[in-house]
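Heads up, the thing below is written out as structure tokens.
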Protein chains: 2
Amino acid sequence: MNISAASKAAGLPVKTVRYYADIGLVEAPSRSEAGYRTYDDVAVRKLVFVRRSRAFGFSIEGCRELLNLYQDQDRSSSEVKRIASMRLEEIEEKQRELQSLHDELAHLVTSCRGDHMPDCPIIDYLG
Amino acid sequence: MNISAASKAAGLPVKTVRYYADIGLVEAPSRSEAGYRTYDDVAVRKLVFVRRSRAFGFSIEGCRELLNLYQDQDRSSSEVKRIASMRLEEIEEKQRELQSLHDELAHLVTSCRGDHMPDCPIIDYLG
DNA sequence: CCTTGACCTTCTAGTTACTGGAGAGATTAA
DNA sequence: TTAATCTCTCCAGTAACTAGAAGGTCAAGG
């Protein structure tokens, strides 16, 4: 499989597939005689794993940790759970921040008449 | 006022204060004979405005827009309201995304026993 | 007067996670 | 054979700063 086929199979852009090998997140693939990268199903499965992990908001370093556990037959599920729980807490923190941000801004928006007078509570608040 | 005083007054790191002038977000301050940047209250007020806008999640470009409106005596409050409302919608979209992310991950975490067996539903799902 | 330490300057480079493009070689289909 | 499509590497850019180096300035204490 050449890189574009692997990229389609994994659901990642070609550039990203190369990038993940460049930074050592996944193994560097073997090359054809002409120097083309060649991928097999195992490589694609790992790329899919990374894509899903990223979609969960894990950082590259987080993915690296998870990937090691994924590849480790002797892993304990408690370690995986610990990492996922940390990420869950980060998400919850972000949610709280976003909520207070939302409430404050919504308050300002509703208190602004939105007509053509230069008077504006949003600007007043920010300034 | 030298840069560190202005930085404290505005609630921004010194580096950031310099940076905002470098990219032309705020005016370049005048300089003392020795080349030190000197700030007045007006400059500080604009820095505070930027800090607050950033805290609301506006991008630098968004801040630039708002700052122009802030400095424009003839601004219409409808324009300000429009920009703030757009930002509010973005926040709400982000909240929805984060919520489904949270639910999915929370489901996986609770379904994982977290013991010392290599069996793990989180890994199974990702891989 | 001199030194010490805090403060200021510019410049470069690093961060995160890619993305875009140039220039050149390889492969495939017509 | 030629044109289109891949693929390669390398360089640069994105957002919004942050860190650190090398060096100039200023005020206070001895």
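Just so we're on the same page: letters track the sequence lines, and every chain starts at 1.
Side-chain atoms of B/R87 come within 3.5 Å of backbone atoms of B/F56 as a donor-acceptor pair (strictly under, hydrogens ignored). Side-chain N or O atoms of A/T38 include one that pairs as donor or acceptor with a backbone N or O of A/S30 at under 3.5 Å.
For D/dA16, the OP1/OP2 oxygens have no side-chain nitrogen or oxygen of B/T16 closer than 4.0 Å. A sub-4.0 Å separation between OP1 or OP2 of C/dC11 and a side-chain N or O of B/R18 is absent. Contact check, A/N2 against D/dT7: a side-chain N or O comes under 4.0 Å of OP1 or OP2. An OP1 or OP2 oxygen of D/dT7 is reached within less than 4.0 angstrom by a side-chain nitrogen or oxygen of A/S4. In this structure, B/R31 reaches the C/dT10 phosphate: one of its side-chain N or O atoms is under 4.0 Å from OP1 or OP2.
For B/R54 and A/G35, each mapped to the nucleotide of DNA chain D holding its nearest heavy atom, the one lying further toward the 5' end belongs to A/G35. Between B/Y19 and B/K15, the one whose closest nucleotide on DNA chain D sits nearer the 5' end is B/Y19. Remark on DNA chain C: of its neighbouring residues A/Y20 and A/E33, the 5'-side contact belongs to A/Y20, judged by nearest-heavy-atom nucleotide.
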May I have the step-by-step check of side-chain contact (heavy atoms from CB on, under 4.5 Å) for B/T16 and B/L47, ending in yes or no? CA-CA 10 Å; B/T16 305; B/L47 287 169; over 6 Å; no
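Atom CD1 of A/I60 is separated from atom P of C/dT19 by 10 Å (rounded to the nearest Å). One can place CD1 of B/I23 at 7 Å from P of D/dC17, the figure rounded to the nearest angstrom. Rounded to an integer number of Å, the gap from CD1 of B/I3 to C1' of C/dC7 is 11 Å.
By the 6.0 Å contact criterion, CD on B/E90 is enclosed, its count of non-hydrogen atoms from other residues, nucleotides or ligands being greater than 12.
Counting only heavy atoms from C-beta on, B/P13 has its side chain closest to D/dT18 among C/dT9, D/dT18, D/dA16. Between D/dG24, C/dT27, C/dT19, one nucleotide has an atom nearer to the side chain of B/Y36 than all others, and that is D/dG24.
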